[in-house]
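Let me begin by presenting the structure, written as structure tokens, before commenting on it.
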Number of protein chains: 2
Amino acid sequence: MSIQESDVKNEVTDKYSLRGRVFQKLRDDILDGRYAQHEELREVAIGEELGVSRTPVREAFRQLELEGLIQIIPNKGAYVTGITADDVKDIYMIRSKLEGLCARWAVENITKELIEELEENIYLSDFHAAKGHHEQMAELDNRFHEILYEACNSKMLKHLLNDYHQYVLRVRRKTLSNQARSSASINEHRMIMEAIIAKDADKAEQLANMHILNAFDNIVKNGLYEVYATKSTNSDDK
Amino acid sequence: MSIQESDVKNEVTDKYSLRGRVFQKLRDDILDGRYAQHEELREVAIGEELGVSRTPVREAFRQLELEGLIQIIPNKGAYVTGITADDVKDIYMIRSKLEGLCARWAVENITKELIEELEENIYLSDFHAAKGHHEQMAELDNRFHEILYEACNSKMLKHLLNDYHQYVLRVRRKTLSNQARSSASINEHRMIMEAIIAKDADKAEQLANMHILNAFDNIVKNGLYEVYATKSTNSDDK
DNA sequence: ATCGGTATCATTGTATACAATAATACCGAT
DNA sequence: ATCGGTATTATTGTATACAATGATACCGAT
């Protein structure tokens with residue numbers, strides 16, 4: 001197997017190294033709002049908490065910085081940046097554009113195999129929707145998007161969308177699973193797939209745009225959006 | 001000065017730490033194509049080359065991985081991913097959408113101060129264009145976009161666009177500075193600014209979209225686009 | 001000659017030791 | 001009491017030592 005085929009998940013998660021575990025733990029904690037805005041993270045403290053030395057902690061810090069979740073001031077410290085309600089909104093708006101682009105590119109580049117995967121995905125989604133299997137539906141929802149990321153045939157876009165998808169997964173954990181939205185979502189998936197198969201790039205892009213905006217609407221409507229800090233702006237705490 | 005005000009550049013560059021230097025050096029080398037695709041980077045070798053120990057090298061590796069420039073396979077090694085001609089194209093297409101979004105948001109959020117900065121930027125650009133000062137014009141061009149990133153008032157979008165801007169800076173280093181394109185570019189900047197001032201979000205977005213696409217066209221026309229590897233593996237390119 | 005297995009080596013992963021920097025406390029001069 | 005400056009401490013930055021893992025070479029059995 002060539003290098004670039006290897007599972008993209010490993011890029012970041014790396015479940016079995018200490019660094020990977022520290023990274024995941026900190027990212028989850030930050031995205032779940034368990035740290036205050038601008039809270040300082042000390043290497044030894046985090047290390048002791050997780051039973052590891054400073055080395056993996058430092059490496060995790062460097063990654064979190066690039067994800068924009070903490071800010072490192074040289075020789076001074078690491079401060080959590082977290083994400084605010086405004087950030088969540090921005091992420092969805094950005095994702096809307098990018099998923100649109102992804103769907104557009106998929107029209108040109110999708111393979112037969114991936115089309116089949118999409119079809120299977122929709123088919124299974126209908127099944128689990130009828131049964132009310134929320135767990136499986138969430139999984140299939142993720143997978144639908146991941147298939148498209150693969151199908152667009154762009155390393156850059158895939159990488160970017162995967163990153164944002166990570167954020168979204170966490171946000172969604174906090175939102176009620178909403179029966180009505182689930183079936184609407186599947187139908188939107190179906191329409192996107194059909195537009196791609198029909199090679200209608202404009203329609204695919206537009207549908208994908210709307211799909212993400214609808215998902216965001218749903219989050220706002222369910223109100224769980226409020227768990228995130230409102231833009232702290234300043235006059236700062238701490 | 002509060003934390004979030006501090007210079008966003010430091011997030012990544014950190015010129016004065018060893019890790020920062022290693023990171024920059026490796027990123028530059030990779031983006032300039034000085035490594036072969038899939039070449040393995042060994043920690044000790046890089047460290048010796050730069051006269052540092054493995055620690056800063058490893059931290060830099062972790063960052064490069066998140067930037068997508070190398071892939072790290074746990075317990076095995078780090079392999080450069082580089083960017084191909086296709087990647088450059090994708091970056092510009094993605095940037096087109098994002099800069100459009102940025103301009104749209106700037107319409108709502110731009111401050112008087114930033115509007116004045118934009119006006120000054122255009123004014124100075126005209127001056128240096130007339131004099132043929134390429135260095136200053138490139139600087140002003142960057143700055144124009146950075147002002148917009150600030151003006152959109154979105155931490156997420158700003159962060160993202162700054163990242164891509166880094167790529168673009170390197171790509172542009174390789175492209176001829178083209179007199180005709182320079183003046184066209186300034187005019188496009190002017191029109192974007194005017195649309196923002198006129199609070200015409202649709203127009204601002206559309207102009208910003210086109211501005212980036214035009215910049216890419218120029219790169220392709222100048223042919224220096226070919227310095228990058230063509231997509232290595234799969235049969236098809238886009 | 002090929003296969004399987006083991007030993008050796010190279011390389012990464014982690015912990016710790018040391019150096020440099022920044023924050024704090026303390027002390028004296030005014 | 002306040003200000004400036006120095007000593008001390010806490011914390012990060014870097015180097016090195018050790019552990020674990022994967023790659024390679026060697027060797028014997030078939």
Side-chain angles (χ1 to χ4, degrees), chain A residues 1-3 5-7 9-27 35-36 38-66 69-81 236-238, chain B residues 1-3 5-7 9-26 35-36 38-66 69-81:
Chain A
M1 183 171 82
S2 100
I3 289 165
E5 246 83 34
S6 78
D7 192 357
K9 293 295 178 46
N10 284 3
E11 271 185 23
V12 161
T13 51
D14 190 2
K15 261 181 98 166
Y16 303 108
S17 73
L18 295 189
R19 168 185 62 83
R21 291 218 299 271
V22 174
F23 177 75
Q24 284 189 136
K25 170 84 163 67
L26 288 175
R27 183 174 62 180
Y35 289 106
H38 300 163
E39 186 169 341
E40 184 169 1
L41 299 180
R42 286 195 194 78
E43 296 172 356
V44 283
I46 303 289
E48 278 170 9
E49 193 180 324
L50 302 176
V52 302
S53 79
R54 285 174 57 214
T55 307
V57 174
R58 283 180 61 86
E59 293 184 1
F61 275 19
R62 297 303 175 265
Q63 298 189 292
L64 290 166
E65 182 186 34
L66 241 64
L69 291 177
I70 68 176
Q71 177 174 14
I72 295 176
I73 299 177
N75 288 310
K76 192 152 181 295
Y79 304 88
V80 326
T81 309
D236 48 21
D237 29 68
K238 176 166 186 86
Chain B
M1 183 171 80
S2 103
I3 289 164
E5 247 83 32
S6 77
D7 190 357
K9 294 293 177 49
N10 283 3
E11 271 185 22
V12 161
T13 52
D14 189 3
K15 263 180 97 166
Y16 303 108
S17 73
L18 296 189
R19 167 185 62 83
R21 292 218 298 272
V22 174
F23 176 76
Q24 284 190 136
K25 171 83 163 65
L26 288 176
Y35 289 105
H38 300 163
E39 186 169 339
E40 184 169 1
L41 299 180
R42 284 194 197 76
E43 296 171 357
V44 283
I46 303 289
E48 278 170 9
E49 193 182 322
L50 302 176
V52 302
S53 78
R54 284 174 59 212
T55 307
V57 174
R58 281 179 63 85
E59 293 185 0
F61 275 20
R62 297 302 175 264
Q63 297 188 295
L64 290 167
E65 182 186 33
L66 242 63
L69 292 177
I70 68 176
Q71 178 175 13
I72 296 176
I73 300 179
N75 287 310
K76 193 153 179 297
Y79 304 88
V80 326
T81 309

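Not measured: the values here are computed from a predicted model. The sequence lines fix the lettering, A, B, ..., with proteins before strands; numbering per chain opens at 1.
- Remark: D:dA15 base-pairs with C:dT16. Criterion, Watson-Crick or G-U wobble with two distances under 3.5 Å.
- With both pairing distances under 3.5 Å, D:dG22 is matched to C:dC9 as a Watson-Crick or G-U wobble pair.
- In this structure, the CD1 atom of B:I72 is 12 Å from the C1' atom of C:dG13, given to the nearest Å.
- Using N1 to N3 plus N6-O4 or O6-N4 for Watson-Crick, or N1-O2 and O6-N3 for G-U wobble, each under 3.5 Å, D:dT30 pairs with C:dA1.
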Subject >> Chi angles and distances behind the side chain to side chain contact (heavy atoms under 4.5 Å, CB included) call for A:R21, A:L18 >> reply: CA-CA 5 Å; A:R21 291 218 299 271; A:L18 295 189; 3.2 Å; yes

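- Contact between the side-chain N/O atoms of A:T55 and the OP1/OP2 oxygens of C:dT14 is not found at any separation under 4.0 Å.
- In this structure, the side chains of B:R62 and B:I72 come closer than 4.5 Å at one or more pairs of heavy atoms.
- Position along DNA chain C of the nearest nucleotide to A:R54 versus B:G77 favours B:G77 as the more 5'-ward residue.
- Annotation: the span from A:R42 atom CZ to A:F61 atom CZ amounts to 10.5 Å, rounded to 0.5 Å.
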Original post:
Checking side chain to side chain contact (heavy atoms under 4.5 Å, CB included) for the pair B:L50/B:K25: CA distance, chi angles, key distance, verdict?
Top reply: CA-CA 9 Å; B:L50 302 176; B:K25 171 83 163 65; 3.9 Å; yes

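- In this structure, the CZ atom of A:R19 is 16 Å from the C1' atom of C:dA15, given to the nearest Å.
- The interatomic distance linking B:E59 (CD) with C:dT14 (C1') rounds to 13 Å, in whole Å.
- At least one side-chain nitrogen or oxygen of B:R62 sits closer than 4.0 Å to the OP1 or OP2 atom of C:dG13.
- Nearest to the side chain of A:P56, among D:dG22, D:dT14, C:dT14, sits C:dT14.
- Here D:dT12 is the nucleotide among D:dT12, D:dA23, C:dA15 with the atom lying nearest to any side-chain atom of A:E43.
- Between B:R58 and D:dG13 there is no side-chain N or O to OP1 or OP2 distance below 4.0 Å.
- Separating the CD atom of A:E40 from the C1' atom of C:dA22 is a distance of 11 Å, rounded to the nearest angstrom.
- Per the geometry, CG belonging to A:L41 stands 20 Å off P belonging to D:dA10, to the nearest Å.
- Atom CZ in A:R42 sits roughly 17 Å away from atom P in D:dT9 (whole-Å rounding).
- If you take CD1 of A:I73 and P of C:dA22, they are 12 Å apart, rounded to a whole angstrom.
- Comparing C:dT11, C:dA15, D:dG22 against the side chain of B:N75 picks out D:dG22 as the nearest.
- A straight line from CG of B:L18 to C1' of C:dT21 spans 14 Å, rounded to a whole angstrom.
- Contact annotation: the side chain of B:Q63 never approaches that of B:E59 to less than 4.5 Å [non-hydrogen atoms, C-beta and beyond].
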